[in-house]
Amino acid sequence: MKFSQFEYKRPDMNQLQQDFQERLKRFESAPSFEVQDQILTELVSLRNHFESMQNIVHIRYTSNTEDAFYKQEHDFMDENGPLYQGMVSDFFRALVKSKYRKELESHWGKHLFNLADTELKTYSPEVLEDLKQENRLKSQYVKLLSSAQIEFQGKKRTLVQLMPFTQSPDRSIRKQAVSAHFGFFNDHREELDRIYDDLVKLRTSIAKKLGFSNFVELAYNRLNRTDYNKNMVKVFRDQVKEHIVPFCNNLREKQRVRIGVDSLKFYDESFSFPEGNPKPKGDAEWIVAQGAKVFKELSPETDEFYTFMVENELLDLVAKEGKAPGGYCTYISEYQSPFIFTNFNGSQGDVRVLMHEAGHAFQVYTSRGYEVPEYQFPTLEACEIHSMSMELITYPWIDRFFGEDTDRFLYDHLAAAVKFIPYGVAVDEFQHFVYENPDVSPQERKQEWRRLEKKYLPHRDHDGIPFLEEGGYWQMQTHIYRTPFYYIDYTLAQVCALQLWKRSRENHKAAWQDYLELCEQGGSLPFTELINIAGLVSPFEAGCVKSVMSEVRKWEAQIDDKTFLQKA
């Protein structure tokens, strides 16, 4: 069934509550495991229906934030999502107290019970109204960014539509585009500061009502981090500072020489070659068609998956007015259908984001046999292994998109994958500072961001652009507003994905089988157990980052990046 045919009907929350409570009572008084197990299946079905409606609304609203009907339905979900979360908490509370817990664990897996214990710490009726307000504030932020209409070269453009100009071969255009982009943020700085300040104080209040000393602890529980903590994350950040930051400084210096500038400015960072970055050789429709060829050749599983996605209109790829920024993959469980949302803008990033989100979508398509919502996707750091590895594991077919520019793309893409990691850990450390010091002023937050830029991104030169010089860059990172602490996940996953990249260069077939097995597990296990199944070394282990970077250094040392200049 095509996505346009997916039926949306606003859930009747009163009826849902009644149905939920009725089944919970029967669950608690069930005379046998078999009866309780059947009722658990019914509760899972109720959950999947509500979450399917919720995800359909999210897709249709973000596709067009000006759509009055889905704006109204999105507001409805913002208001009632916390109420539903309360029902899920009741479900988990009954689950962990079950007298047939041992039998249920054997049938549904122990990890569901670990997740239940974690989720129960994140909700109480006391914070219901606070959670509704948190949703409203996040929606205000999305709406603000979606409203951007920036005058540039005689046309009004969204933030996404402005991005290709930030990679122009003309340095003056790059600077103008970056200045215009952050000029929008500067024009709305008071609103951005107000929304974030309100979010920080509200989240801190929620955490304390739930018995946490600060929001950091609550955030880790919200993200279902059952097998690692903030101290382990700090150890990982320290490894990045020691082993990746110096390498990235070297890459940036090579980039400066390659593009022929006296000093590398912020608006040069995304510009890799003097004749311009490689671009796909066709438009969005052509990219989709090339993707079909890539996934057909990669494996029978990816061929089946991608055909299903295309035939059922499960790709919304092109940037347009009123469309929310960013990209994501979600899953509509009642239709067993992943959905990919991106904002193509004509740059090389179009191919990267398609492969990235296809990795997410392939995982959830592959593991769609899991009924319980918690197992459909794993926790976020594991999710990002699927996406980032798909970007790397499709390297042998990337010439389909870039032709004679393939070598330049591969060099730039892998270098960018590594250069991202210090930025990712800076975002994480910034959020720890913010929520461990919730009463600091917006200005003090920006000063801390500048300190972290100098620590992890010492090459960065904002060239006098006021909003950036003052430390406002982080305000364009939507994760910081919408899903706090969801960012270190990308860096942990990148280190894992680079291990699969190394393996794929040695034996692509074996690497694919490891990847496929990882995807098939869905979210049935925690992060550290999933990576064990794939034969990967944990990023928290001493020496992991150093080992990964050893392979990357060998790869980079074999390449004379100046040879790319002859292929202009």
Side-chain angles (χ1 to χ4, degrees), residues 59 62-63 145-146 148 152 157-169 173-174 177-178 181 269-273 275-296 298 302 305-306 309-310 313-330 338-362 384 386-417 419-420 476 478 490 497:
I59 294 165
T62 52
S63 181
L145 267 58
S146 302
F152 191 80
R157 305 178 193 272
T158 67
L159 291 168
V160 173
Q161 289 169 338
L162 199 59
M163 293 307 292
F165 297 97
T166 68
Q167 298 178 15
S168 169
I173 292 177
R174 294 202 299 274
V178 167
H181 183 275
E269 288 186 17
S270 298
F271 182 70
S272 297
F273 305 97
E275 68 279 12
N277 292 349
K279 291 183 179 181
K281 301 300 183 181
D283 61 11
E285 186 176 343
W286 180 87
I287 290 173
V288 171
Q290 297 306 305
K293 297 175 184 177
V294 170
F295 288 119
K296 184 175 182 63
L298 176 58
T302 48
F305 147 75
Y306 194 74
M309 297 292 288
V310 173
E313 303 173 346
L314 297 166
L315 305 166
D316 182 359
L317 304 178
V318 180
K320 60 181 183 290
E321 188 175 331
K323 187 176 180 180
Y328 63 79
C329 169
T330 191
F339 191 95
I340 292 175
F341 174 101
T342 72
N343 277 276
F344 279 11
N345 56 27
S347 72
Q348 65 182 26
D350 294 351
V351 174
R352 188 202 68 79
V353 75
L354 177 61
M355 295 297 109
H356 182 98
E357 299 303 340
H360 287 308
F362 178 71
E384 298 304 341
H386 309 131
S387 57
M388 291 176 162
S389 296
M390 185 65 86
E391 292 182 49
L392 301 173
I393 217 161
T394 51
Y395 272 6
W397 294 273
I398 214 71
D399 61 321
R400 296 274 190 184
F401 302 101
F402 292 98
E404 70 276 10
D405 293 327
T406 296
D407 287 345
R408 290 196 303 139
F409 172 82
L410 292 174
Y411 176 83
D412 194 38
H413 182 271
L414 194 65
K419 287 187 288 188
F420 165 78
M476 57 78 69
T478 58
Y490 291 106

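Count residues from 1 along the sequence. Keep in mind that what you see is a predicted model, and the values were worked out from it rather than measured.
- At least one donor-acceptor pair under 3.5 Å links the side chain of Thr166 to the backbone N or O of Met163.
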Phe341 and Thr330: CA distance, side-chain angles, deciding distance, side-chain contact (heavy atoms from CB on, under 4.5 Å) verdict: CA-CA 8 Å; Phe341 174 101; Thr330 191; over 6 Å; no
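- A donor-acceptor distance shorter than 3.5 angstrom exists from the side chain of Asn343 to the backbone of Gly326, with no hydrogens or angles considered.
- By the 4.0 Å N-to-carboxylate-O rule, Glu404 lies close enough to Lys281 to be salt-bridged with it.
- Residues Cys329 and Pro338 come closest through the heavy atom pair SG-CB, 4.4 Å.
- When atom types are taken as modelled, the side chain of Thr394 and the backbone of Trp397 share no donor-acceptor pair closer than 3.5 angstrom.
- Residues Phe305 and Ala358 approach most closely at CZ-O, 3.6 Å, considering heavy atoms.
- Residues His181 and Phe152 keep their aromatic ring centres 6.0 Å or farther apart.
- A side chain to side chain donor-acceptor pair (under 3.5 Å) with Gln348 holds for exactly one of Asp405, Asn277, Asp412; it is Asp412.
- Atoms CH2 and CZ, on Trp286 and Arg400 in that order, are 10.0 Å from each other to the nearest 0.5 Å.
- Considering all non-hydrogen atoms of both residues, Leu162 and Ala177 come closest at CD2-O, 3.6 Å.
- Between the side chain of Ser389 and the backbone N or O of His386, no donor-acceptor pair lies under 3.5 Å.
- Atom-to-atom distance recorded for Asp399:CG and Asp407:CG is 9.5 Å, nearest 0.5 angstrom.
- When side chains are defined from C-beta on, Phe273 counts as touching Pro278, because their heavy atoms get closer than 4.5 Å.
- For the residue pair Val160 and Pro164, the shortest heavy atom distance occurs at O-CD, 3.6 Å.
- Put simply, the side chain of Leu159 does not reach to within 4.5 Å of the side chain of Pro325, judged on heavy atoms.
- Using modelled atom types, no side-chain atom of Glu391 and backbone atom of His356 make a donor-acceptor pair closer than 3.5 Å.
- Taking the six-membered ring for Trp and thresholds of 30 and 60 degrees, Phe409 and Phe402 have nearly parallel ring planes, at less than 30 degrees apart.
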Could you walk me through whether Phe165 and Asn345 pass the side-chain contact (heavy atoms from CB on, under 4.5 Å) check? CA-CA 10 Å; Phe165 297 97; Asn345 56 27; over 6 Å; no
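- Asp350 CG to Met355 CE: the interatomic distance, rounded to the nearest 0.5 Å, is 11.0 Å.
- With values rounded to the nearest 0.5 angstrom, Gln167 atom CD is found 5.5 Å from Ser270 atom OG.
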Checking side-chain contact (heavy atoms from CB on, under 4.5 Å) for the pair Phe344/Asp283: CA distance, chi angles, key distance, verdict? CA-CA 9 Å; Phe344 279 11; Asp283 61 11; over 6 Å; no
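- Between Leu354 and Tyr306, the closest heavy-atom pair is CD2-OH, 4.1 Å.
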Please report, to 0.1 Å, the donor-acceptor pairs under 3.5 Å made by any side chain of residues 313-322, with sequence neighbours excluded.
| from | atom 1 | to | atom 2 | distance (Å) |
| --- | --- | --- | --- | --- |
| Glu313 | OE1 | Ser4 | N | 3.4 |
| Glu313 | OE1 | Ser4 | OG | 2.9 |
| Asp316 | OD1 | Lys323 | NZ | 3.0 |
| Asp316 | OD2 | Ser63 | OG | 2.8 |
| Lys320 | NZ | Ser63 | O | 3.3 |
| Lys320 | NZ | Ser63 | OG | 3.3 |

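- Below 30°, between 30° and 60°, or above 60°: for Tyr395 and His413 the angle between ring planes is above 60°, a perpendicular geometry.
- Gly359 approaches Met390 most closely through the heavy-atom pair CA-CB, 3.7 Å.
- The line from CZ of Arg408 to NZ of Lys279 is 11.0 Å long, rounded to the nearest 0.5 Å.
- Between atom OH of residue Tyr328 and atom CD1 of residue Ile340 there is a gap of 11.0 Å, rounded to the nearest 0.5 Å.
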